[in-house]
Amino acid sequence: MLRVYNTLTEKKEEFVPLEKDKVKIYACGMTVYDKPHIGHARKEVAIDVIVRYFKYLGYETVYVRNFTDIDDKIIDRANERDIDFRELTHENIEAFYKTTTALGLMEPDIEPKATEHISEIIEMIEKLIKNGYAYETGGSVYFSIKSFNQYGKLSHRKIDDMIAGTRFEVETEKKNPLDFVLWKASKPGEPQWESPWGMGRPGWHIECSAMSIKYLGDTFDIHAGGRDLIFPHHENEIAQAEGATGKPFVKYWVHNGFLTVEGEKMSKSLGNFITVDDALEDYHPEVLRYFMLSTHYRSPIDFSIVNLKETEKKLYYFYTTLKNLSVFASRSSGNAVRNEKAKAFIDEFREAMDDDFNSAKVVAAFYGVFKYLNDIIVSKKTRPAPEECAGFEEVIKEAGKVLGVLQRDSSEIIEEIKEIQLKRNGIEISFIEEMIEKRKEYRMKKDFAKADEMRDKLLELGISIQDTPDGTEWNFS
RNA sequence: GGCGCCUUGGCCAAGUGGUAAGGCAGAGGUCUGCAAAAUCUCCAUCUCCGGUUCGAAUCCGGAAGGCGCCUCCA
C-alpha cells in the first residue's frame, strides 16, 4: 500500500487515485528568469522518481510540468540585458532542457507555457470576478482573500496572523494587503496582452491554476513543488482554482525539502549559488542524481563536497560489483532466476518506496544486496548459479530504473567517473599509466622498494592501485 | 511579531511505542611481495529536563541550539 505525505492534512495518507489506475500530476516548473540551479535539480529528481514509481506500480500517469515564462523577474532580467523577454526565456528553457537530459529526467507528458495560455488565464479571471472572488481596479485584477474563507488551509496560517506580520509596503489599490494580483496592468514598454481590463499580463500564480485545470481537469491527484511554494504560490493556486470551479482542486499536495550548500541557504548574495552546469563540471550526473536520492525528498539535503564524494564512491562500488556480477550472469543459459535473496531485495525496495517514496531506505537496501553479492561472488563455493546472477542483475535494474540509476554499462560509467575525477583533480592519465608501467618493471625485478615508491607517488595524488589477474587497475580512493 | 520544521555515534543518514537500518571514517582479522580492492569482526541509547506508558528516539509539556516561511525563490 502506497502512502503519501500530504501537506494539506500534514499526514501520510494512503494513496487512492481519483480515477482507478490513473494518476494525474502537476509539478510547478521553473520561472525561467535564470539558469537552473541544483535546488531545481533536486526538485526535478524528486518528482521524477515519484512519477517513475507510479508507472512502476502500473498506474497510467499524466505528468504536467509548466514553464512560467512571464513575470516581473523575467522582465527585469531582460531589461538589464536589454533583450526581449522571449529571448531570455528561450535561452533559459534551453539551459533547463540541457540539465534534464544530463540528469536523465523523464519528459513530462505536457509542458505548457504561461504565455501560450493567456486566454485560459483570462477566462479563469473572468470566472473569479463573476463568482465574487476578484475585483478590478485601475486595469489590474486582484483576488480578494477575504472572500475565500478557506484561505490558508494549505499553509495552515490564519489571515490575521499573516497581516500582523506583513513587512512589505501595502499597495494602495488592494482592499487587503494579502490580496494578490491576477492580472497586472502593463507599464509602457512591457510585454502585454489584450484583456477585458486593458493591456496587461498575468499575475504570478494564476498560470499554474489555469494550466493545470486545462490539462488535468478541475480536480486532480497530485500537485508538487518546493516547500517554499506552499505559501503563497500554492495557497493562492487553491484559492484561484476552487474559487473558479467551486470544486476541490488537488487531492495530495507534495513538497520537497530545500537544498543547502555546505550548510547554508543557496543565494546569490552568499556567493554559493551553484547551477546544475557547475555541479556537472565536477560530478557525474548519475552521482548527482543518486546524491539527491540518498536523503528523503521531504528532508533538507546538504550539497557538500564530503557528501558528494561519498556518493561518488558508492556508485563506483555499485558499478564495480555489477561489472563482476555480469561476468557470471553472462554464462546464464537464458532464463534469469530470482532467488530468495533477490526477491527479498525487491520486497525491501517496494516497502521503502511505498512509504512516501523513501529513496533513502532504498539506498540502504542497495547496499545490502551489493554487499551480499560481493561476498558470495568471490568464492566459487558460495557463488550462485549464472541464472541466479542474472536474476540479481534483473532486480537491481528493476529497482534502479525507478530511481533512474544503475542502468548504464558498468565499464562505460566507471570510465566516465574516472574522467571527471581526473579533470577535477587536474591529473593527466598518462602520468598514472607511466607510474604503473614503471612499477610493473620494478616488480618484475623484485625491486619492491622502488615499486612501492611509484605507488606512494600516486597515493599522494589520492590514487590507489589494485593488482588484479587482468593487470593493475587504478582509481581514486 | 506570527506560523512551521529540525536536533540520532567523528561525519552522512534510516527509524511508523516494543527495546537503535545502512554508509563513510577508525581499530583488528582474511587475502597480498607489501598494498589496494573485496570480505569478516568491533564501534551510539537517540540535545537537555519533566510527564504519559508495562515499555518512548518515537506521544505530551518545557528549555537550548539550528533552519525555513511570512517579499521573489525548487
Side-chain angles (χ1 to χ4, degrees), chain A residues 3 7 10 12 27-31 33-34 36-47 71-74 76 152 155-158 160-169 178 204 224-233 235 255-260 263-268 291 294-302 304 306-311 313-314 316-317 320-321 324 348 352 355-356 358-368 370-379 439 443 446-449 451-452 455-456 458-459 463-468 472-475 477:
Chain A
R3 303 201 318 144
T7 306
E10 299 181 296
K12 278 187 205 170
C28 282
M30 269 190 82
T31 300
Y33 64 90
D34 208 340
H37 59 242
I38 49 177
H40 291 115
R42 191 211 185 171
K43 177 246 152 191
E44 294 304 335
V45 170
I47 187 71
D71 91 318
D72 291 355
K73 254 184 170 166
I74 290 171
D76 290 346
S155 53
H156 306 100
R157 296 156 195 242
K158 295 189 191 87
D160 292 342
D161 290 342
M162 286 190 273
I163 293 173
T166 304
R167 279 183 290 165
F168 48 91
E169 296 268 322
L178 289 173
W204 176 48
R227 280 197 80 81
D228 54 326
L229 295 186
I230 295 172
F231 191 89
H233 187 60
E235 193 68 63
H255 294 98
N256 65 275
F258 252 50
L259 178 145
T260 54
E264 284 181 308
K265 185 178 174 175
M266 182 165 61
S267 74
K268 288 257 156 100
F291 165 73
S294 58
T295 302
H296 184 93
Y297 77 90
R298 277 190 288 119
S299 304
I301 189 169
D302 190 37
S304 68
V306 174
N307 292 345
L308 282 162
K309 285 201 173 155
E310 198 177 298
T311 305
K313 226 170 163 175
K314 280 179 192 172
Y316 196 92
Y317 166 74
T320 307
T321 308
N324 295 333
E348 221 180 316
D355 183 14
D356 194 28
N358 197 334
S359 58
K361 260 192 198 166
V362 178
V363 167
F366 267 129
Y367 253 112
F370 278 112
K371 197 167 190 179
Y372 172 75
L373 287 173
N374 267 313
D375 179 23
I376 57 172
I377 281 176
V378 288
S379 158
R439 175 169 171 271
R443 287 184 78 208
K446 302 260 181 224
D447 188 349
F448 294 119
D452 289 353
R455 184 170 63 201
D456 290 342
L458 288 171
L459 216 49
I463 293 159
S464 64
I465 54 179
Q466 301 92 243
D467 296 322
T468 77
T472 301
E473 292 175 1
W474 63 270
N475 50 256
S477 49

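In what follows, every chain begins at residue 1, and chains take the letters A, B, ... in the order their sequences are listed. Basis for what follows: all heavy atoms, side chains included, without hydrogens, waters or symmetry-related copies.
Applying the side chain to side chain contact (heavy atoms under 4.5 Å, CB included) rule to Thr295(A) yields the partners Arg42(A), Ser299(A), Ile301(A); only residues at least two apart in sequence or on another chain are considered. Residues that satisfy the side chain to side chain donor-acceptor pair (under 3.5 Å) test with Glu473(A), not counting sequence neighbours, are absent from this structure. Take Ala27(A) and apply the side chain to side chain contact (heavy atoms under 4.5 Å, CB included) test, not counting sequence neighbours, and it matches Lys43(A), Ile47(A), Tyr63(A), Ala224(A). Scanning for ring-ring contact (aromatic ring centres under 6.0 Å, His included) contacts around Phe370(A) gives Phe318(A), with sequence neighbours left out. With sequence neighbours excluded, the residues forming a side chain to side chain contact (heavy atoms under 4.5 Å, CB included) with Asn307(A) are Phe291(A), Asp302(A), Ser304(A), listed by chain and number. The ring-ring contact (aromatic ring centres under 6.0 Å, His included) search around His40(A) returns His37(A), not counting sequence neighbours. The side chain to side chain contact (heavy atoms under 4.5 Å, CB included) search around His233(A) returns Cys28(A), Trp204(A), His205(A), Glu207(A), Cys208(A), Leu229(A), Glu237(A), not counting sequence neighbours. Remark: Asp452(A) engages Arg455(A) in a salt bridge (charged side-chain N to carboxylate O under 4.0 Å, His left out) (not counting sequence neighbours). A search for salt bridge (charged side-chain N to carboxylate O under 4.0 Å, His left out) contacts involving Lys361(A) returns Asp355(A), not counting sequence neighbours.
The residue Asn307(A) sits close only to the backbone: its heavy atoms come under 4.0 Å of sugar-phosphate atoms, none of a base. Residue contacts for Gly225(A): at a heavy-atom cut-off of 4.0 Å it reaches the sugar-phosphate backbone alone, with no base atom in range. The residue Arg42(A) sits apart from the nucleic acid: no heavy atom pair falls under 4.0 Å. Lys309(A) comes within 4.0 angstrom of nothing in the nucleic acid, heavy atoms only. Residue Arg298(A) is classed as having no contact, given no heavy-atom separation below 4.0 Å to the nucleic acid. Leu229(A) comes within 4.0 angstrom of sugar-phosphate atoms only, judged by non-hydrogen atoms across all strands, and of no base. Using a 4.0 Å heavy-atom criterion, one finds that Tyr317(A) contacts the sugar-phosphate atoms exclusively. Among the heavy atoms of the strands, none lies under 4.0 Å from His255(A). Here Ile377(A) lies out of heavy-atom contact (under 4.0 Å) with every strand.
Under 4.0 angstrom from either OP1 or OP2 of A38(B) there lies no side-chain N or O belonging to Tyr316(A). Side-chain N/O atoms of Lys158(A) include none lying less than 4.0 angstrom from OP1 or OP2 on C70(B). One finds no side-chain N or O of Asn256(A) lying less than 4.0 angstrom from the OP1 or OP2 phosphate oxygen of A74(B).
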Protein and nucleotides 65-69 of chain B: nitrogen or oxygen contacts under 3.5 angstrom:
residue: C69(B); atom: OP1; partner: Lys265(A); partner atom: NZ; Å: 2.5
residue: C69(B); atom: O2'; partner: Arg157(A); partner atom: NH2; Å: 3.0

Report all interatomic pairs (protein N or O, nucleotide N or O of nucleotides 20-23 of chain B) with separations under 3.5 Å.
residue: G23(B); atom: OP1; partner: Lys371(A); partner atom: NZ; Å: 2.6
residue: G23(B); atom: O2'; partner: Tyr367(A); partner atom: OH; Å: 3.1
residue: G23(B); atom: N2; partner: Glu310(A); partner atom: OE1; Å: 3.4

Please enumerate all protein N or O atoms sitting under 3.5 Å from an N or O of nucleotides 29-32 of chain B, with distances to 0.1 Å.
none

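Remark: G68(B) base-pairs with C3(B). Criterion, Watson-Crick or G-U wobble with two distances under 3.5 Å. The partner of G50(B) is C60(B), judged by Watson-Crick or G-U wobble contacts that both fall below 3.5 Å. Pairing partner, A38(B): U30(B), with both Watson-Crick or wobble hydrogen-bond distances short of 3.5 Å. When both pairing distances are held under 3.5 Å, G10(B) makes a Watson-Crick or G-U pair with C24(B).
The structure places NZ of Lys313(A) at 14.0 Å from CG of Leu308(A), a figure rounded to the nearest 0.5 Å.
Closest to the side chain of Arg3(A), out of A36(B), A14(B), U16(B), is U16(B). Checked against A38(B), A74(B), C24(B), the side chain of Lys313(A) finds its nearest nucleotide in C24(B). Nearest to the side chain of Thr31(A), among C72(B), A74(B), A14(B), sits A74(B).
In this model, a donor atom of one side chain and an acceptor atom of the other lie less than 3.5 Å apart for Asp356(A) and His296(A). There is no side-chain donor-acceptor pair under 3.5 Å between Asp72(A) and Tyr33(A).
In this structure, Ile230(A) places its CD1 atom 11 Å from C1' of A74(B), rounding to the nearest Å. Asp452(A) has its CG atom 12 Å from the C1' atom of A36(B), to the nearest Å.
Between Asp34(A) and Lys73(A) there is no salt bridge, since no side-chain N of the basic residue sits under 4.0 Å from a carboxylate O of the acidic one.
Of the residues near RNA chain B, Gln466(A) and Cys28(A), the one whose nearest nucleotide (by heavy atom distance) lies more toward the 5' end is Gln466(A).
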